[in-house]
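Okay, structure first, notes after.
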Amino acid sequence: MIVFPAIDLMSGRPVRLYKGDYDRKEIVASSAVETALSFEKAGAEWIHVVDLDGAKSGTKLNAALITKIASEVSIPIEVGGGIRTFDDVSYYLKHGVKRVILGTAAIEDEELLQLCIKEYRNRIAVGIDCKDGYVCGNGWLEKSRLYYLNFARHLEKIGVQTIIFTDISKDGTLNGPNLEMLDHLRNTVEMNITASGGIRDLENIRSLASRHLYGAITGKAVYAGTLDLKQAIEAGKE
């Protein structure tokens with residue numbers, strides 16, 4: 001299992017939110033580029049980057065900084081947030097980003113999603129961000145009528161290879177991931193599944209790895225010091 005350290009961006013700074021609440025942000029580092037370089041030095045194989053401003057506004061507001069991160073590190077990065085058009089997707093993939101994550105666009109524009117899959121295949125992932133089991137978009141602010149398991153089945157049917165599952169009620173809490181929902185998801189689809197939200201410590205990492213997931217995203221635990229990134233990366237390989 002790949003451990004993805006996360007950099008969530010607002011106004012050019014790495015932050016963490018609590019349960020997706022934009023009014024409860026915490027600045028966790030002074031430089032996104034230096035943070036990315038520290039993750040690479042710790043042995044990270046990938047970095048997960050989210051443009052929170054973009055997710056809320058629907059435009060890629062931190063694009064220049066994100067492409068700078070991609071150019072400064074030698075490991076691949078994946079990016080989500082505010083990516084709503086084919087041009088947005090192409091821009092990132094042509095400027096050093098290895099994989100693009102579609103969230104709101106995947107919910108609202110299946111034609112765009114299918115076009116992206118046809119053109120870029122496994123360089124496209126879809127974020128399944130949930131409240132009470134239902135998928136949310138527009139920076140987690142709007143709940144859809146899509147139940148997460150039904151949505152996952154549909155994504156698999158149209159050719160999506162990688163999904164990132166987040167239980168928003170767990171995100172930023174350090175209360176542990178939602179293992180029950182992840183187990184249901186693992187038993188429903190054969191796609192690569194990355195778990196996100198709630199990870200606190202090595203026990204959580206080992207529990208996720210034992211489920212043969214593709215990846216696990218950790219942000220607050222690393223910044224808060226409850227999880228050592230080097231140890232987490234090794235535990236993910238066990």
Side-chain angles (χ1 to χ4, degrees), residues 1-9 14-17 26 28-29 31-52 66 69-70 72-81 96-101 103 122-130 161-168 170-183 185-186 189 191-238:
M1 184 182 75
I2 300 169
V3 173
F4 293 76
I7 300 175
D8 291 355
L9 298 170
V15 304
R16 294 302 299 168
L17 304 183
E26 173 191 3
V28 292
S31 168
V33 172
E34 289 179 7
T35 300
L37 289 169
S38 73
F39 290 160
E40 181 178 22
K41 186 176 181 181
E45 299 173 78
W46 279 79
I47 297 174
H48 175 81
V49 181
V50 178
D51 182 349
L52 290 176
I66 290 169
I69 293 170
E72 292 287 339
V73 297
S74 60
I75 57 176
I77 74 169
E78 61 179 20
V79 174
V97 171
K98 186 67 173 179
R99 182 161 56 215
V100 162
I101 304 157
N122 63 356
R123 298 184 72 187
I124 302 298
V126 172
I128 301 181
D129 306 320
C130 297
Q161 297 181 33
T162 301
I163 54 175
I164 297 166
F165 171 80
T166 306
D167 177 356
I168 296 170
K170 292 282 190 177
D171 192 71
T173 66
L174 300 179
N175 288 334
N178 192 322
L179 299 177
E180 182 179 2
M181 291 181 77
L182 284 164
D183 286 342
L185 194 58
R186 177 73 288 170
V189 295
M191 292 181 285
N192 294 328
I193 299 171
T194 295
S196 176
I199 291 172
R200 175 182 175 83
D201 52 28
L202 279 177
E203 181 181 349
N204 293 155
I205 296 294
R206 293 189 176 109
S207 180
L208 293 170
S210 72
R211 286 167 163 77
H212 306 291
L213 300 180
Y214 170 73
I217 295 168
T218 176
K220 187 170 184 178
V222 172
Y223 296 113
T226 63
L227 180 67
D228 179 270
L229 181 56
K230 287 184 179 179
Q231 293 178 356
I233 292 165
E234 290 304 314
K237 296 176 181 177
E238 293 176 358

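No side-chain heavy atom of T166 sits less than 4.5 Å from a side-chain heavy atom of I217. Residues L17 and D8 are not in side-chain contact: their nearest non-hydrogen atoms beyond the backbone lie 4.5 Å or more apart. Looking only at side-chain heavy atoms (C-beta outward), E180 and N178 come within less than 4.5 Å of each other. Put simply, the side chain of L208 reaches to within 4.5 Å of the side chain of L179, judged on heavy atoms. Contact check for F165 versus L182: side-chain heavy atoms found under the 4.5 Å cut-off. Counting heavy atoms from C-beta outward, Y223 and T35 have side chains that approach closer than 4.5 Å. A heavy-atom distance below 4.5 Å is found between the side chains of L227 and L202. Counting heavy atoms from C-beta on, the side chains of M1 and I205 come closer than 4.5 Å.
The minimum heavy-atom distance linking K98 with P76 is given by the pair CB-CB, 3.6 Å. The shortest non-hydrogen separation linking I66 to I77 is O-CD1, 3.9 Å. The nearest pair of heavy atoms linking N204 to G176 is OD1-CA, 3.8 Å. Looking at every heavy atom in both residues, A195 comes nearest to L213 through CB-CD1, 3.9 Å. Considering every non-hydrogen atom in both I69 and A32, the closest pair reads CD1-CB, 3.9 Å. Scanning all heavy atoms of the two residues, the minimum distance from G236 to A209 falls at O-CB, 4.1 Å.
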Practice task
Go through the steps to decide whether F39 and V222 satisfy the test side chain to side chain contact (heavy atoms under 4.5 Å, CB included), and finish with yes or no.
Solution key: CA-CA 10 Å; F39 290 160; V222 172; 4.0 Å; yes
Problem - Worked verdict on I163 versus L185 for side chain to side chain contact (heavy atoms under 4.5 Å, CB included) - result: CA-CA 10 Å; I163 54 175; L185 194 58; 3.9 Å; yes
Problem - Candidate pair V126 and I101, rule side chain to side chain contact (heavy atoms under 4.5 Å, CB included), full reasoning - result: CA-CA 5 Å; V126 172; I101 304 157; 6.0 Å; no
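Interatomic distance, S31 OG to E72 CD, rounded to the nearest 0.5 Å: 9.0 Å. The OG1 atom of T194 sits 5.5 Å away from atom CD1 of I164, with the distance rounded to the nearest 0.5 Å. To the nearest 0.5 angstrom, F4 atom CZ is 12.5 Å from L229 atom CG. Residue I199 holds its CD1 atom at 12.5 Å from CG of N175, rounded to the nearest 0.5 Å. Considering OH of Y214 and CD1 of I2, their distance stands at 4.0 Å, rounded to 0.5 Å.
At least one donor-acceptor pair under 3.5 Å links the side chain of T226 to the backbone N or O of R200. R123 places no side-chain N or O within 3.5 Å of a backbone atom of R99 that could act as its donor or acceptor partner.
Scanning for salt bridge (charged side-chain N to carboxylate O under 4.0 Å, His left out) contacts around D167 gives an empty result, with sequence neighbours left out. Take E238 and apply the salt bridge (charged side-chain N to carboxylate O under 4.0 Å, His left out) test, not counting sequence neighbours, and it matches R206. Shown here are the side chain to side chain donor-acceptor pair (under 3.5 Å) partners of S207, two or more places apart in sequence or in another chain: R211. For D228, there are no salt bridge (charged side-chain N to carboxylate O under 4.0 Å, His left out) partners two or more places apart in sequence or in a different chain.
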Mind listing the side-chain donor-acceptor pairs of residues 40-52 below 3.5 Å, one per line with the distance, residues two or more places apart or on another chain?
unit_1	atom_1	unit_2	atom_2	d
E40	OE2	S74	N	3.0
E40	OE2	S74	OG	2.2
H48	ND1	E78	OE2	2.7
D51	OD1	D53	N	3.3
D51	OD1	G54	N	2.7
D51	OD1	N62	ND2	2.7
D51	OD2	L61	N	3.0
D51	OD2	N62	N	2.8

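Within 6.0 Å of CD on E203 lie no more than 12 heavy atoms contributed by other residues, nucleotides or ligands.
Listed by first then second residue, pairs satisfying salt bridge (Lys or Arg N to Asp or Glu O under 4.0 Å) with a partner in residues 215-225 number zero, not counting sequence neighbours.
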